[in-house]
Amino acid sequence: MRFAFAFASTRRRFVHRNVLGKGDLRTALPSISICGFRGWRRAFSGLSEDSRERLRNGLRDIKLDDAVDLFGEMVKSRPFPSIIEFNKLLSAVAKMKEFDVVVSLGEQMQMLGIAHNLYTYSILINCFCRRSELSFALAILGKMMKLGYEPDIVTLNSLLNGFCRHGKRISDAVALVDQMVEMGYQPNSVTFTTLIHGLFLHNRVSEAVALVDRMVLKGCQPDLVTYGVLVNGVCKRGHTDLALNLLKKMESEKIEADVVIYSTVIDGLCKYKHVDDALDLFSEMEKKGFRPNVVTYNSLISCLCNYGRWSDASGLLSDMIERNINPDVVTFSALIDAFVKEGKLLEAERLYEEMIRRSINPNTVTYNSLINGFCMQSRLDEAKQMFDLMVSKGCLPNSVTYGTLINGFCKAKRVEDGMKLFREMSQIGLVGNTVTYTTLIQGFYEAGDCENAQQVFKEMVSAGVPPNIVTYNISLDGLCNNGKLEKALAVFQDMQKSVMELSIFTYTIMIEGMCKAGKVEDAWDLFNSLSLKGVMKPDVVTYTTMISGFCGKGLKQEADALFREMKEDGPLPDSGTYNTLIRARLRDGDRAESAELIKEMRSCGFSGDASTISLVGNMMCDGRLDKSFLDMLSWNPLPSKASVR
DNA sequence: GTAGGGTTAG
């Protein structure tokens, strides 16, 4: 046997796997055992004329259900139709990308004693490869070769695809092509295109691009599919210049482009912020005679929406309607989502009605956006109603739906309702992600319920969902704000020991926690340890937090000193820094110094914030301050920073 | 009768 690579795993027997559940294929198939010998002449007749006709036509446009029915009819008829007819059927199902069904049908054939031939094996190998189940494909290859069939270039290309899709065998894929050549096979454009695609799958972009030149050297011209793979691969990774060059190259090589390839590049340009280039290419494709389709429009419309270019987006919508390119659920969902994010819920609802009027069925994504819209406005009951509506329409909520609602309830301080939803979600088999869990943890801490917050954290870990730095920061903050500094410190220590990369934000939370617990000295030690370590620079919030801590303890000199240090060689003080200091001065009753600081703050372009103004208001009421302070804070005699710029 | 690919929305 000339196949040196008769892989070790081929020794493993092809395991029959019934991938479909009971009730689908099983019931479609005949039950041979119940047909007694005398009955079989009546039970098993030939194929109907209709089915013969279908098979003659190569099963064009056949639906999956019909194909499965036909298979049932075929295995009932005696004698069995030839393997060629079965192959036609398997091939048709494979074209629908229903690889599981193909595998299952092949298995049923085997059980009925319908012998596979080279093509049957080829189809099955292809299906396993498409499902990234290389070992099964190799097992069939072994079996096939044992029976004396030698794989041809088609089967080898399928196998190559299997290696490419396998998580760890891309280098074996590269080697396989060389091996093919050694064994006297001539790789064709499918071979190279498959490998190029595989390299992209493993993010080996430059190798993928370089392979095109290599294939030309080997006498293999790239075709439209090759360019499709290349253009998509580079666009998805932001190399839109390269994609545009590829379009030109296609033209010079007289390879006719198509609407999909243009749409791919347009979408790439949109995603990587070259909106106007996308619009240019859009008109260029029209000039070249390629008619855009709904997908082309959808890319552009959602992109324009994301940039807030509403009138351009709706212009394109009217364009497409005028040209009889019908908007679909994606078009409407994109527009609805964009309006929701802009807070224009009314417009979003109008679009929803419009799509119903056009008999376009909203899907989960559409409802998710609308639910999000209500959540954003804290209209939780309406959000829940929308949720019920979608369920009643047979539209299945997914983890985004639940995540959105849970987030809404938590933000509206209704963490218990959020938790109820979370339980419901788990019951129907949807898994929460890090964000969902983190939202709930935050909700419980904000409700002062540390116990449940920690419980959710534990559940998260045991469910195998990894807490991230945000989860930890929220936990630290929650513990500190609920008077559990000791516990927070313990967690903080664990974090420092872990591989997690801490941000300055984490340290600021701890410094604030220590200050609030009256442990300003500890906070100051931590603050200084930052500069000593040198890895983490305190930012303006860290400084302000520390200054605020000093002020709270009446350590005026320390606060002033840190403020000076900040101005000399730290981060620039911001409105928060000034307001923190000003409130401290005002509380001290130091009017002159307060006024001085206010003036300085104004000269930097900041003004009094809400809590400073409310403090001044209170002090005016009990007569400790006069109105001039309020004027200083809110009246604007100085040019603002913006107008100076 | 068998092989490769690409576009849109949360």
Side-chain angles (χ1 to χ4, degrees), chain A residues 55 58-59 82-92 94-95 102 116-127 129-130 144 149 151-162 164-165 187-198 200-201 222-236 243 246 257-271 292-303 305-306 327-338 340-341 362-373 397-401 403-404:
Chain A
L55 283 162
L59 305 168
S82 73
I83 186 66
I84 294 177
E85 311 298 314
F86 279 103
N87 287 343
K88 275 187 184 173
L89 186 115
L90 294 190
S91 163
K95 282 220 173 77
V102 177
H116 295 176
N117 71 2
L118 175 68
Y119 295 118
T120 326
Y121 287 122
S122 238
I123 295 171
L124 288 171
I125 287 174
N126 180 39
C127 289
C129 288
R130 292 296 301 264
M144 177 183 134
Y149 294 115
D152 58 8
I153 186 71
V154 174
T155 311
L156 289 178
N157 283 341
S158 290
L159 212 56
L160 176 67
N161 194 20
C164 286
R165 288 169 181 271
N188 58 20
S189 81
V190 176
T191 318
F192 285 106
T193 306
T194 305
L195 190 54
I196 289 171
H197 183 236
F200 273 124
L201 286 177
D223 56 21
L224 177 64
V225 179
T226 319
Y227 277 105
V229 172
L230 275 170
V231 165
N232 182 59
V234 299
C235 280
K236 288 283 179 295
L246 285 168
D258 65 4
V259 55
V260 178
I261 219 161
Y262 272 101
S263 301
T264 307
V265 182
I266 287 173
D267 189 69
L269 289 167
C270 286
K271 293 258 158 66
N293 62 21
V294 57
V295 179
T296 326
Y297 273 101
N298 285 347
S299 282
L300 285 165
I301 287 175
S302 41
C303 171
C305 283
N306 288 338
D328 62 9
V329 58
V330 177
T331 324
F332 277 101
S333 297
L335 284 161
I336 287 173
D337 191 63
V340 159
K341 289 208 170 116
N363 61 19
T364 304
V365 176
T366 325
Y367 284 111
N368 287 352
S369 293
L370 288 166
I371 289 171
N372 187 33
N398 59 15
S399 58
V400 177
T401 321
T404 305

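A, B, ... follow the sequence lines: proteins, then strands. Residue 1 opens every chain.
- Here the CG atom belonging to A:Asn117 is positioned 8.0 Å from the CD1 atom belonging to A:Ile123, to the nearest 0.5 angstrom.
- Counting to the nearest Å, the P atom of B:dT2 and the CG atom of A:Asn126 are 11 Å from each other.
- Contact check, A:Asn363 against B:dA9: no side-chain N or O comes under 4.0 Å of OP1 or OP2.
- Regarding contacts with the backbone of B:dT2, every side-chain N or O of A:Lys88 stays at 4.0 angstrom or more from both OP1 and OP2.
- Checking B:dT2, B:dA9, B:dG4 against the side-chain heavy atoms of A:Val330 singles out B:dA9 as nearest.
- For A:Thr264 and B:dT7, a side-chain-to-base donor-acceptor distance below 3.5 Å is absent, hydrogens and geometry of angles not being considered.
- At the heavy-atom level, A:Thr401 lies nowhere under 4.0 Å from the strands shown.
- Listed pair A:Lys271 / B:dT8 meets the phosphate criterion, a side-chain N or O lying under 4.0 Å from OP1 or OP2.
- Rounded to a whole Å, the CG atom of A:Leu335 is 12 Å from the C1' atom of B:dT8.
- The closest donor-acceptor contact from the side chain of A:Asn306 to the backbone of A:Ser302 lies under 3.5 Å.
- Among the protein residues, A:Asp258 comes within range of the nucleic acid bases, having at least one heavy atom under 4.0 Å from a base atom.
- Distances shown here put every side-chain N or O of A:Arg165 at or beyond 4.0 Å from the OP1 or OP2 atom of B:dG4.
- Heavy atoms of A:Ile266 sit nowhere under 4.0 angstrom from any nucleic acid atom.
- Regarding A:His116, its NE2 atom lies at a distance of 14 Å from the C1' atom of B:dT2, rounded to whole Å.
- If you take OH of A:Tyr227 and P of B:dG5, they are 18 Å apart, rounded to a whole angstrom.
- Residue-level contact check: A:Val231 touches neither bases nor backbone, having no heavy atom under 4.0 Å from any strand.
- Residue contacts shown for A:Thr404 are absent, as no nucleic acid heavy atom lies under 4.0 Å away.
- Between B:dG5, B:dT2, B:dG4, one nucleotide has an atom nearer to the side chain of A:Val190 than all others, and that is B:dG4.
- Of the listed nucleotides (B:dT2, B:dA9, B:dT7), B:dT2 has the atom at the smallest distance from the side chain of A:Ile123.
- Within 4.0 Å of A:Thr194, counting heavy atoms only, lie sugar-phosphate atoms of the nucleic acid but no base atom.
- Listed nucleotides: B:dT7, B:dT2, B:dG5. Nearest to the side chain of A:Asp267: B:dT7.
- At B:dG5, one or more side-chain N or O atoms of A:Arg130 fall inside 4.0 Å of OP1 or OP2 (strictly under the cut-off).
- Of the inter-residue distances, the one linking A:Cys270 atom SG with A:Ile266 atom CD1 reads 7.5 Å to the nearest 0.5 angstrom.
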(message) For a side chain to side chain contact (heavy atoms under 4.5 Å, CB included) check, start with the C-alpha distance between A:Leu156 and A:Thr191, then their side-chain angles and the critical distance, and finish with the verdict.
(response) CA-CA 8 Å; A:Leu156 289 178; A:Thr191 318; over 6 Å; no
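- Between A:Pro151 and A:Met144, the closest side-chain pair of non-hydrogen atoms falls below 4.5 Å.
- To the nearest 0.5 Å, the span separating OG on A:Ser189 from CG on A:Asn157 amounts to 9.0 Å.
- Rounding to whole angstrom units, CD1 of residue A:Ile196 and C1' of B:dG5 are separated by 11 Å.
- A distance of 5.0 Å separates CG in A:Leu224 from CG in A:Asp258, rounded to the nearest 0.5 Å.
- Taking a 4.0 Å limit (strictly below) on heavy-atom distances, residues 293-301 of chain A reaches DNA chain B at A:Val295, A:Asn298, A:Ser299.
- Checked against B:dA3, B:dG4, B:dT8, the side chain of A:Val225 finds its nearest nucleotide in B:dG4.
- Comparing B:dT2, B:dA3, B:dT8 against the side chain of A:Ser158 picks out B:dA3 as the nearest.
- Taking A:Asn232 as the reference, A:Lys236 meet the side chain to side chain donor-acceptor pair (under 3.5 Å) condition, with sequence neighbours excluded.
- A:Tyr121 and A:His116 have perpendicular rings, their planes meeting at more than 60° on a 0 to 90° scale where under 30° would count as parallel.
- The phosphate of B:dG4 (OP1 or OP2) has no side-chain N or O of A:Asn157 nearer than 4.0 angstrom.
- If you take CG of A:Asn306 and P of B:dA9, they are 9 Å apart, rounded to a whole angstrom.
- Contact check, A:Ser91 against B:dT2: a side-chain N or O comes under 4.0 Å of OP1 or OP2.
- The separation between A:Asp223 atom CG and B:dG6 atom P is 14 Å, rounded to whole Å.
- Minimum atom distance to the side chain of A:Lys95 is reached by B:dT2, of the listed B:dT2, B:dA9, B:dG6.
- B:dA9 atom C1' lies 15 Å from atom OH of A:Tyr367, rounded to whole Å.
- No contact: A:Ile84 has no heavy atom under 4.0 Å from any strand.
- The ring-ring contact (aromatic ring centres under 6.0 Å, His included) search around A:Phe86 returns A:Phe71, not counting sequence neighbours.
- Side-chain atoms of A:Asn188 lie closest to B:dA3 of the nucleotides B:dA9, B:dG5, B:dA3.
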